[in-house]
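In what follows, chains carry the letters A, B, and so on, assigned in the order in which the sequence lines appear, proteins first and then strands, with residues in each chain numbered from 1.
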2 protein chains.
Amino acid sequence: METRELRYFVAVAEELHFSRAAQRLGIAQPPLSRAISQLERRLGGPLLERNSRGVALTEAGRVLLAEARAAIDAVDAAERRTRRATGDGSEPGLVLVSKAGAASELLTKLLDAYAAEPGAVKVEVDLCGIGEQGPRLRDGRADVALLHRPFDVIDGLDTEELLTEGQVAVLPSSHPFATRSELRMADLEDVPGLPPMSWPGARAQAGAGPEIRDSTQLYQLVGLGRAFTILPESARAEQHHGVATVPVVDAPEVTTVIAWPPHSRSLALAALVRAATRL
Amino acid sequence: METRELRYFVAVAEELHFSRAAQRLGIAQPPLSRAISQLERRLGGPLLERNSRGVALTEAGRVLLAEARAAIDAVDAAERRTRRATGDGSEPGLVLVSKAGAASELLTKLLDAYAAEPGAVKVEVDLCGIGEQGPRLRDGRADVALLHRPFDVIDGLDTEELLTEGQVAVLPSSHPFATRSELRMADLEDVPGLPPMSWPGARAQAGAGPEIRDSTQLYQLVGLGRAFTILPESARAEQHHGVATVPVVDAPEVTTVIAWPPHSRSLALAALVRAATRL
DNA sequence: AGCAAGGATACCTGGCCGGTATCGACGGTC
DNA sequence: GACCGTCGATACCGGCCAGGTATCCTTGCT
């Protein structure tokens with residue numbers, strides 16, 4: 001099977017519409033129809049059900065969709081990482097990705113420690129939205145990531161634990177809870193007049209609160225008295241106007257891990273991970 | 001990048017010889033040379049160094065080799081799993097792979113428990129050589145595997161723990177140790193007149209002992225008084241002529257885990273894993 | 001110098017990809 | 001129920017590129 005065929009199939013499976021998929025792919029509809037038919041013939045059965053007025057995936061189609069996405073990511077990763085490794089000098093040697101606004105203290109320590117190693121290469125730090133790190137590692141836009149268990153999905157990645165910490169509630173400083181010396185999860189089940197925030201990607205926790213994408217947004221919302229949330233202790237290092245933090249003594253512990261794709265053979269990556277574990 | 005190009009590159013990178021690689025691929029040498037040149041042009045730098053009398057990989061080439069192998073495995077997996085999912089009826093719904101001769105008791109319990117579930121599909125059990133499970137999961141020849149931590153590589157796989165157990169020494173029954181009620185790791189550091197076995201794939205432990213590939217071989221060698229080894233307790237369920245087992249009280253614990261590729265969305269697989277964790 | 005090995009280049013051919021035109025099946029509408 | 005719009009399938013054609021053969025060129029060995 002060729003990459004092209006997989007991309008074609010994914011487009012159709014996502015659009016559930018041949019003409020739209022063809023448009024997205026920048027080709028005409030007939031070649032796309034033909035390519036999918038060939039694929040179905042080669043794989044020994046139908047992938048799509050062409051009902052009148054629409055297209056639906058068969059069971060085999062669902063399998064192929066999941067597998068094809070993973071395969072395309074792997075191919076894209078191969079291309080990106082190789083292009084990065086071709087000695088055109090100016091490019092960074094490693095791309096590290098982390099949630100915007102998280103683990104910044106740990107991150108600076110890590111970068112300093114690695115930079116001091118002999119043979120350290122340039123590290124580009126890429127801050128992305130919550131839950132975006134996994135995909136970036138998988139499709140080669142990044143080589144290594146900082147993640148937070150149990151929040152981030154670490155399926156299919158190699159990891160090393162770096163730091164385990166408790167969590168604190170992040171509240172408007174005007175809120176009655178803000179003066180408490182500690183809180184319990186039970187206190188936060190239903191905070192009067194304050195919705196909890198919900199993260200994109202997390203099991204949709206149906207929290208009626210606003211969705212946020214980065215930490216600036218988060219602190220702004222809290223400062224405005226519109227929401228509260230729970231974050232790892234290290235978030236206290238950042239001071240924000242109108243925002244108070246109170247330890248939540250029985251919150252589940254959060255572990256910051258460094259993660260990388262399992263087949264990586266990069267010496268630079270190995271050195272970075274080694275530096276991280278020695279922190 | 002197309003799958004074909006990746007396969008071509010891997011062939012050349014493995015053979016380090018264009019003509020032999022072309023032969024292996026079933027094409028002539030000139031198209032292969034051209035394909036590699038195109039790849040190098042597209043990726044922005046050389047992948048191979050053509051020294052006089054031979055070919056060597058550049059750093060970028062090493063990166064691409066590792067990435068390309070993973071990508072090709074993913075594409076092959078997509079094809080195999082989809083072909084298996086196309087409703088041609090006779091085929092098995094899931095392929096489970098396990099080390100030959102290991103965990104047989106757990107395996108039968110698991111298969112029985114799953115078969116009793118509503119909507120259970122046919123499970124093909126595939127017994128393979130030690131260390132072969134990972135590759136089979138990665139390239140789609142299997143959907144799920146039983147592995148043993150810390151011996152098997154579980155990089156890049158999702159896992160659930162099933163069973164943790166101690167280990168026993170497996171010795172010829174004529175050996176002085178065979179009558180002991182227990183042993184310690186220190187006793188086994190250097191057993192007089194008996195070499196330890198070494199497994200393929202494991203970090204080459206330089207044990208001067210014979211290499212073995214399956215459990216029949218193993219018990220035969222032990223029965224002949226040619227070697228000894230350490231195995232999980234459950235191995236005692238199998239009785240073999242001339243072979244004795246003695247608990248090793250301070251051996252590291254072995255955990256049997258069920259493992260599957262992280263992006264799998266198969267309902268049948270999910271049911272099997274659920275059945276396994278309920279054992 | 002001659003030769004052999006091995007990768008690169010030149011050039012041709014055929015298959016397949018992608019395009020346009022058109023068909024055919026199905027549904028909604030008046 | 002005839003008409004029409006939507007959407008995927010089919011027919012056919014043209015151009016590109018993969019793959020083949022022949023040959024060149026560099027290199028190392030004798």
>> Using 0.5 Å steps for rounding, measure from the CG atom of A:L48 to the CG atom of A:L64.
In response: 9.0 Å
Rounded to the nearest angstrom, tell me the gap between atom [atom1] in [X] and atom [atom2] in [N].
{"X": "A:I36", "N": "D:dA9", "atom1": "CD1", "atom2": "P", "result": "9 Å"}
{"X": "A:R50", "N": "D:dT6", "atom1": "CZ", "atom2": "C1'", "result": "16 Å"}
{"X": "A:H17", "N": "D:dA9", "atom1": "NE2", "atom2": "C1'", "result": "14 Å"}
{"X": "A:Q23", "N": "D:dG8", "atom1": "CD", "atom2": "P", "result": "12 Å"}
{"X": "A:E2", "N": "C:dC17", "atom1": "CD", "atom2": "P", "result": "10 Å"}
{"X": "A:L16", "N": "D:dC7", "atom1": "CG", "atom2": "P", "result": "13 Å"}
{"X": "A:F18", "N": "D:dG8", "atom1": "CZ", "atom2": "C1'", "result": "7 Å"}
{"X": "A:L32", "N": "C:dC17", "atom1": "CG", "atom2": "P", "result": "12 Å"}

Name the atoms and distances for all side-chain donor-acceptor pairs under 3.5 Å in residues 28-36 of chain A, with sequence neighbours left out.
unit_1	atom_1	unit_2	atom_2	d
A:Q29	NE2	A:S33	OG	3.0

> Checking B:E2 side chain against A:T3 main chain: does a donor-acceptor pair fall under 3.5 Å?
Replying inline: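 Checking the backbone N and O of A:T3 against the side chain of B:E2, a donor-acceptor pair under 3.5 Å is found.
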> Counting heavy atoms not belonging to A:R265, are there more than 12 under 6.0 Å from its CZ?
Replying inline: no
>> Within the supplied structure, the quantity of interest is the number of heavy atoms (other residues, nucleotides, ligands) at a distance under 6.0 Å from A:E5 CD; does it exceed 12?
In response: yes
> OP1 or OP2 of C:dG7 less than 4.0 angstrom from a side-chain nitrogen or oxygen of B:S19, does that happen here?
Replying inline: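 B:S19 to C:dG7 OP1/OP2: side-chain N or O found under 4.0 Å.
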>> Looking at C:dA8, I'd like to know if its phosphate oxygens (OP1 or OP2) sit under 4.0 Å from a side-chain N or O belonging to B:S33.
In response: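 Yes.
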Table of protein N/O atoms under 3.5 Å from nucleotides 17-24 of chain D N/O atoms:
unit_1	atom_1	unit_2	atom_2	d
D:dG19	OP1	B:Y8	OH	3.2
D:dG19	OP2	B:Y8	OH	3.0
D:dG19	N7	B:R34	NH2	2.1
D:dG19	O6	B:R34	NH1	3.3
D:dG20	OP2	B:A28	N	2.7

>> Are the side chains of B:V95 and B:R136 in contact, using a 4.5 Å heavy-atom criterion?
In response: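 B:R136 does not reach B:V95 side chain to side chain.
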